[in-house]
Each structure stands twice: as structure tokens, then as C-alpha cells.
Protein chains: 2
Amino acid sequence: MAQPDTVTRILDTAEVLFAERGFAETSLRNITSKAKVNLAAVNYHFGSKKSLIQAVFARYLEPFSERFHRALDELEARHARDGSEIPLEELLETMARTVLEVPAERDSLKVFMRLLGLAYSQAQGHLRGYIQSEYGDVFSRFTELVRRATPELPDAERFWRLHFILGSVIFTLSGLDALRDIAEHDYGERVSVHELIGRLRPVVVSAMQAPMPGA
Amino acid sequence: MAQPDTVTRILDTAEVLFAERGFAETSLRNITSKAKVNLAAVNYHFGSKKSLIQAVFARYLEPFSERFHRALDELEARHARDGSEIPLEELLETMARTVLEVPAERDSLKVFMRLLGLAYSQAQGHLRGYIQSEYGDVFSRFTELVRRATPELPDAERFWRLHFILGSVIFTLSGLDALRDIAEHDYGERVSVHELIGRLRPVVVSAMQAPMPGA
DNA sequence: GGCGTTTTCAAACAAATGTTTCCAACCACA
DNA sequence: TGTGGTTGGAAACATTTGTTTGAAAACGCC
């Protein structure tokens with residue numbers, strides 16, 4: 001798995017097409033023809049279509065994981081000094097910042113969110129297991145910090161609420177263009193990703209602080 | 001499209017398999033063999049696989065649309081008598097109740113949510129058009145009632161929050177199996193769809209009542 | 001320049017897919 | 001009972017899928 005040109009051209013194209021149509025609906029011939037690469041190149045460089053899908057994910061998750069670990073290191077160190085617990089807002093803020101930092105390409109955030117959504121909803125399979133086994137520790141670390149920031153929540157409740165929130169983020173960011181068009185047409189204001197996350201923040205915090213069901 | 005036995009057996013099986021694996025990953029042979037029906041029966045009764053998917057979808061959305069209209073009629077009539085505005089909680093409660101009432105089979109809700117997610121993610125753009133043209137009036141009616149229930153929110157803010165919430169619902173319900181597996185593995189409790197919506201309710205209400213961004 | 005390795009390429013492969021065909025079985029109605 | 005339209009069924013159809021092959025081309029290095 002060497003020579004960058006062909007490999008990255010495959011990755012770039014695959015990432016876009018996967019996001020547009022999904023994994024099963026995107027054939028290797030779609031990818032290779034659009035990338036102007038021989039069909040066999042995928043199997044030569046990646047081994048299989050499955051591995052290609054994982055490679056597309058790895059290209060995002062690797063830098064994200066590294067940066068997020070560093071950001072959490074810093075956050076923990078800062079609060080370790082004065083012995084205070086890290087508040088939820090700061091955790092969410094740190095994650096949002098890291099998510100926004102990572103993408104090198106312009107719409108790669110949108111693409112990655114869509115891929116993440118697909119990974120979850122195309123339930124059965126290798127992808128979720130791969131992500132969990134490869135990058136599970138970052139997320140475990142994050143959720144553990146969230147646990148300490150919200151000690152009043154039962155573990156299961158926190159789990160579900162975090163996934164409710166994940167759904168909001170994935171849905172709005174992956175469908176960003178469509179939603180933004182509707183919003184612009186109906187309300188005449190075009191929001192940026194930063195503004196959107198600004199709108200998301202108070203909603204997410206309120207969601208986590210909602211009363212327990214049955215009250 | 002007559003004789004109920006074969007047709008409904010196909011619909012029932014397709015619905016379950018679509019929910020488990022997704023649409024592209026479910027072949028007609030998977031469906032027909034499990035339904036103990038001849039392979040050609042699908043094309044005979046429905047015309048094509050795409051039409052089958054729409055038929056599965058329509059079987060849910062048609063009764064939902066009708067019931068939801070009736071429920072909103074009743075809700076509006078009740079509040080028209082004493083001149084009070086319909087509170088947000090009641091609107092959400094009505095929708096949740098209708099959503100849960102409809103499915104005859106266990107998995108049709110999941111299928112519906114998955115389709116809805118696909119329709120929005122623009123991957124299958126024609127689906128959103130189909131939904132909008134066929135059943136758009138119900139949703140317009142609902143959002144108008146939500147508008148009256150939350151007069152303090154600017155229109156754009158309400159728009160975005162409703163879609164944040166829609167994302168939560170679609171994500172958790174369409175990826176239900178995956179999430180449920182994780183939750184069961186980690187916390188040892190297997191939640192029902194009813195319980196999940198029960199957990200969703202207070203979170204959604206809090207999300208709608210969150211303070212405006214910038215405070 | 002020559003040689004071993006890596007990469008590209010066209011072609012073929014086997015398997016799986018949605019769809020169609022053609023005929024038998026069925027069923028209502030005369 | 002016979003007849004015409006509807007449904008069921010086995011097989012074949014044409015495509016499309018991911019993958020493999022074997023040879024040509026490009027490359028790196030002594």
C-alpha cells in the first residue's frame with residue numbers, strides 16, 4: 001500500500017461516492033471509473049471493498065483520534081491543577097472544536113458525518129466492530145469524562161441521551177445542504193456550520209439536563 | 001394486486017428483512033425464500049423491487065397519515081372549545097402515540113424511520129419528493145401547530161430545533177438494533193420501542209425549551 | 001544499463017442480482 | 001362441465017457485482 005497518487009485518488013473518490021449513495025449502492029466500477037484508475041487497483045491496494053471502506057474511515061478517524069486525545073489531555077491537566085471536575089459544556093465544546101478542526105478538505109465534515117450515519121444505520125456488520133475495536137478507546141475516554149460530568153444520570157440513561165445527541169449532530173450535519181436550502185428558502189438566512197453548531201450547543205446541553213422520564 | 005395471502009406475506013417479510021439489513025442488502029431471493037413464495041411473485045404483484053419498497057412504506061404511512069389527521073382533529077376540537085392553545089407536550093405526545101399505534105408488525109416502524117432517514121440524506125432524493133408530494137400536508141399541519149405552541153421561538157430557530165429532534169428520532173429508531181445490542185451488552189437491559197420513546201420525550205421537550213443561543 | 005520489485009492494465013472469472021418467459025394450476029362463472 | 005382470466009412456479013435471461021489473472025509498464029537501485 002504505497003504510491004500515494006492512485007491510492008489517495010481512490011480514497012477521495014470513494015469517500016464522496018459512499019457519502020452520496022451509501023456503501024452497497026456504490027460499485028467499485030463507479031469508483032474506479034470516476035477516479036480514472038484501473039478496476040483492479042482497488043483490490044491491489046486495499047485487498048477488498050470492505051477494506052477500502054475501512055480505509056476511508058481510518059483517514060478521518062486517525063487524525064481525529066489523535067487530536068481529540070491531545071485536547072482531552074490538556075483539558076484534564078488544566079482541571080487536575082485546581083481539582084475541579086470538567087463541566088459538561090467544556091467537554092462538548094472540546095469535542096465540537098476537534099470535530100471542526102480535523103477536516104482538511106472543505107466538505108469533508110459533511111461527508112464524514114454521512115458516513116458515520118451510514119455506519120450506524122447499515123447496522124449489521126464489520127464497520128461498527130472495526131470502529132469500536134480500532135478507535136473505541138477515545139470514545140470510552142470521552143464518555144467516562146461525560147459520566148463524571150453528569151453523575152446524577154444513570155449509566156443507561158446517559159448512553160441513550162448521548163446517542164440522541166449523536167443523531168441530531170449526524171442528521172443535521174450530513175443533510176446540511178438540503179436543510180440549509182430549505183432554511184434559506186423559507187427564512188432567508190444562510191447559516192454556516194459554525195452558526196449551526198452554535199445553535200446546537202444550548203439544545204444539546206438542555207437535552208442532557210432534561211428531567212428523568214417519569215416525573 | 002389482489003389475493004392477500006401472497007402479497008401480504010411478501011410485504012411482511014420484506015419489511016422485516018429491510019429493517020434488519022437495509023434495502024440494497026436485501027435481495028428478492030432473500031425475501032421470497034423466507035416468505036415461501038416464488039421469486040417471480042414480487043415482480044408479478046408489485047412490478048419491481050423499488051415499487052415493493054414504496055409499497056412497504058405506503059403500508060405504514062397511509063394509516064399513519066389518516067390516524068394522525070384524526071388525532072389532530074380531535075386535539076384541535078378539544079382546545080377550540082375552551083379557547084386554549086395546544087401545548088407542545090400534547091402535540092408531541094399525540095405524534096408519539098400515533099407513531100406507536102400504527103405498526104401492525106413489530107418492525108415496520110424501524111423500516112419507516114430508515115426510509116425517512118434515506119429520504120432526507122438526499123442519497124435517494126426522489127424519496128423525499130415522493131413523501132412531500134404524497135403526505136406533505138400532514139407534516140405541514142403539525143409544524144403549524146408546533147409554531148403556535150412555541151410562539152417565543154423565532155421561526156428559523158424552531159425549524160432547526162425540529163430537525164435536531166427529527167435527527168434524534170430517525171437515528172435512534174432506524175439504528176435501533178445496533179444501539180440496542182450495545183446497550184444490552186453494556187448495561188444488561190433490553191429496551192422496548194415504547195421505553196425508548198419514553199426516554200426520548202423529556203429530552204425532546206427540554207431541547208425545544210432550551211435557551212436561545214447567545215446567553 | 002540491467003534486474004528485481006512494484007504498480008498498472010485489459011480481460012476474464014464466478015457468483016449474485018432483478019427481471020422475464022412460458023406453462024401449469026387454480027378459480028369464478030356460464 | 002367448459003372457459004377465460006388470474007395466480008403460482010421452474011427455469012432461463014441479461015446485467016452487474018467483487019475478485020482474480022497474467023502480462024506489460026514503470027520504478028528504484030546497484
Atom pair distance, as rounded to whole Å: [atom1] in [X] and [atom2] in [N]:
X: B:Glu25; N: C:dG18; atom1: CD; atom2: C1'; result: 16 Å
X: B:Arg21; N: C:dA16; atom1: CZ; atom2: C1'; result: 14 Å
X: A:Phe46; N: C:dT7; atom1: CZ; atom2: C1'; result: 14 Å

Parallel, tilted or perpendicular: rings of B:Phe64 and B:Tyr60 (30°, 60°):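 Ring orientation, 0 to 90° scale: parallel.
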For the residue pair B:Phe57 and B:Phe112, categorise the inter-ring angle as parallel (less than 30°), tilted (30 to 60°) or perpendicular (more than 60°).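 Ring orientation of B:Phe57 relative to B:Phe112: parallel.
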Can you give one letter per nucleotide of nucleotides 18-26 of chain D, going 5' to 3': B for a protein heavy atom under 4.0 Å from the base, S for sugar-phosphate only, - for none? BBBB-----
Out of curiosity, B:Glu101 CD to B:Thr94 OG1, how far, rounded to the nearest 0.5 Å?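 Answer for the CD-OG1 pair, B:Glu101 versus B:Thr94, is 10.0 Å.
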Axis-to-axis angle between the two ends of the helix from C:dG1-D:dC30 to C:dA30-D:dT1 (five base pairs per end, rounded to 10 degrees): 10°
Under 3.5 Å, is there a donor-acceptor pair between the B:Asn30 and B:Ser27 side chains? yes
Is it the case that the side chains of A:Thr26 and A:Arg21 hold a donor-acceptor pair, with the cut-off being a distance below 3.5 Å and no angle test?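 No, no side-chain donor-acceptor contact under 3.5 Å.
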How close do B:Glu157 and B:Pro213 get, heavy atom to heavy atom, and via which atoms? OE2-CD, 3.8 Å
Is B:His45 near enough to D:dG8 that one of its side-chain N or O atoms lies under 4.0 angstrom from OP1 or OP2?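 Answer yes for this pair, as a side-chain N or O of B:His45 is under 4.0 Å from OP1 or OP2.
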Side-chain donor or acceptor of A:Arg9 paired with backbone N/O of A:Val37 under 3.5 Å: no
With sequence neighbours left out, write down each residue that passes side-chain contact (heavy atoms from CB on, under 4.5 Å) with A:Val138, or none if nothing qualifies. A:Ser65, A:Phe68, A:His69
